[in-house]
**Student:** 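Structure incoming, see below.
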Amino acid sequence: RTSILDRMCAPLCDAVLRDSSIPGQETLERLQHANLFIIPLDSERRWYRYHHLFGDLLRQRLGKNLTPNEIAELNIRASDWYEQNGLMLESFHHALNAGEFVRAARLAEDVWQDMERNFQTAAWLGWVKKLPNAIVCSHPWLCVHIGWAFSDVGELEPSETYLQNA
């Protein structure tokens, strides 16, 4: 179930699994000490990732053992946790994976101002381009932000289109 995560920490694993009988930190440490295909990403051993090939294998098995709705629910839990912890890109990514496009659109709207202020307009545009057009067009403020973003990167024709949609 945790194979849906690109990187993981104990609280995130706990949130995704929702099984208090499996303590996340203890499990991660045991797996790492036994050298079982997880790699620490920091010196505090807070964040880990699966070895790429092992992660691919786990995701393949996950697809065979769980329904698409069950996998979507895992992604929603991950998206919730990431949002609560201020990791909006990851939250957006998992919302998309869950097919929760309205949630993803809301997340994009929520971070627009901070990303634009920090000169991350092109990165933000990369996010919203992954959303279905019908969802984008049903969110007027998102259309305004997209129009503004396209204007910032010098693409005036799509900018005008999105502003008119708004």
**Student:** Counting C-beta onward and ignoring hydrogens, is there a side-chain heavy-atom pair between R7 and Y48 closer than 4.5 Å?
**Tutor:**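 No, every pair of side-chain atoms sits at 4.5 Å or beyond.
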
**Student:** Using only atom types and a distance under 3.5 Å, with no angle test, would you say the side chain of R77 pairs donor to acceptor with the backbone of V16?
**Tutor:**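 Pair found, side chain donor or acceptor close to backbone of V16.
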
**Student:** Can you tell if the side chain of S151 reaches within under 4.5 Å of the side chain of L156, non-hydrogen atoms only?
**Tutor:** yes

**Student:** Are W112 and L87 connected into the same hydrophobic cluster when the rule is that any two of I, L, V, M, F, W, Y join if their side-chain heavy atoms are below 4.5 Å apart?
**Tutor:** no

**Student:** With the side chain counted from C-beta on, respond yes when M115 and T121 share a heavy-atom pair under 4.5 Å apart, and no when they do not.
**Tutor:** no

**Student:** Of F150, W141, W148, which is the lone residue that meets ring pair (Phe, Tyr, Trp, His ring centres under 6.0 Å) with Y162?
**Tutor:**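 With Y162 as partner, F150, W141, W148 yield a single ring pair (Phe, Tyr, Trp, His ring centres under 6.0 Å), made by F150.
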
**Student:** Can you give the donor-acceptor pairs under 3.5 Å from side chains of residues 96-104 to other protein atoms, not counting sequence neighbours?
**Tutor:**
{"from": "N97", "atom 1": "ND2", "to": "H93", "atom 2": "NE2", "distance (Å)": "3.2"}
{"from": "R103", "atom 1": "NE", "to": "S79", "atom 2": "OG", "distance (Å)": "2.7"}
{"from": "R103", "atom 1": "NH1", "to": "D80", "atom 2": "OD1", "distance (Å)": "3.0"}
{"from": "R103", "atom 1": "NH2", "to": "S79", "atom 2": "O", "distance (Å)": "3.2"}
{"from": "R103", "atom 1": "NH2", "to": "S79", "atom 2": "OG", "distance (Å)": "3.1"}
{"from": "R103", "atom 1": "NH2", "to": "D80", "atom 2": "OD1", "distance (Å)": "2.9"}
{"from": "R103", "atom 1": "NH2", "to": "E83", "atom 2": "OE1", "distance (Å)": "2.9"}

**Student:** Evaluate the side-chain proximity of T67 to E70: yes if any heavy-atom separation is below 4.5 Å, no if none is.
**Tutor:**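 In short, these two side chains touch, coming nearer than 4.5 Å.
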
**Student:** To the closest 0.5 Å, what do you measure between CG (L12) and CG (N85)?
**Tutor:**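 That separation rounds to 8.5 Å.
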
**Student:** Quick one: CD1 on I39 to CZ on R49, what's the gap to the nearest 0.5 Å?
**Tutor:** 3.5 Å

**Student:** Looking only at heavy atoms, which two atoms of H94 and I4 are closest? And how far apart?
**Tutor:**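 In terms of heavy atoms, the two residues are closest at CE1-O, 3.2 Å.
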
**Student:** Which pair of heavy atoms, one from C13 and one from L28, lies closest together, and at what distance?
**Tutor:**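 Minimum heavy-atom contact is SG-CD1, 4.4 Å.
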
**Student:** Pair C143, L163 - check side chain to side chain contact (heavy atoms under 4.5 Å, CB included), show working.
**Tutor:** CA-CA 6 Å; C143 286; L163 291 173; over 6 Å; no

**Student:** Do Q164 and E160 meet the criterion of a side-chain donor-acceptor pair at a distance under 3.5 Å?
**Tutor:**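 Side chains of Q164 and E160: pair found under 3.5 Å.
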
**Student:** Provide the full list of side-chain hydrogen bond (donor to acceptor under 3.5 Å, both in side chains) pairs with a residue in residues 124-134, sequence neighbours left out, each pair given once.
**Tutor:**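 Counting only pairs at least two positions apart or across chains, no side-chain hydrogen bond (donor to acceptor under 3.5 Å, both in side chains) contact touches residues 124-134.
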
**Student:** To the nearest 0.5 Å, how far apart are CD1 in I71 and CG in N65?
**Tutor:**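 Going from the CD1 atom of I71 to the CG atom of N65 covers 9.0 Å.
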
**Student:** Quick one: CZ on F92 to CG on D110, what's the gap to the nearest 0.5 Å?
**Tutor:** 11.5 Å

**Student:** Quick check on the hydrophobic clustering: are V144 and L107 connected, directly or via other members, by side-chain heavy-atom contacts under 4.5 Å?
**Tutor:** no

**Student:** Roughly how far, to the nearest 0.5 Å, is the CG atom of L62 from the OG1 atom of T2?
**Tutor:** 9.0 Å

**Student:** Given side chain to side chain contact (heavy atoms under 4.5 Å, CB included), test L66 with L74 step by step and report yes or no.
**Tutor:** CA-CA 10 Å; L66 296 181; L74 296 174; 3.8 Å; yes

**Student:** Nearest 0.5 Å, please: how far is CG in L58 from NE2 in H51?
**Tutor:**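 That separation rounds to 12.0 Å.
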
**Student:** Tell me if a side-chain donor or acceptor on E109 pairs with a main-chain N or O of L142 at a distance below 3.5 Å.
**Tutor:** yes

**Student:** Side chains of M8 and I38: does their closest heavy-atom pair fall under 4.5 Å?
**Tutor:** yes

**Student:** Determine the interplanar angle of the W47 and Y82 rings, folded into 0 to 90°, and report it as parallel if under 30°, tilted if 30 to 60°, perpendicular if over 60°.
**Tutor:** parallel

**Student:** Can you check whether W81 reaches I76 side chain to side chain, under 4.5 Å on heavy atoms?
**Tutor:**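 In short, these two side chains do not touch, never coming nearer than 4.5 Å.
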
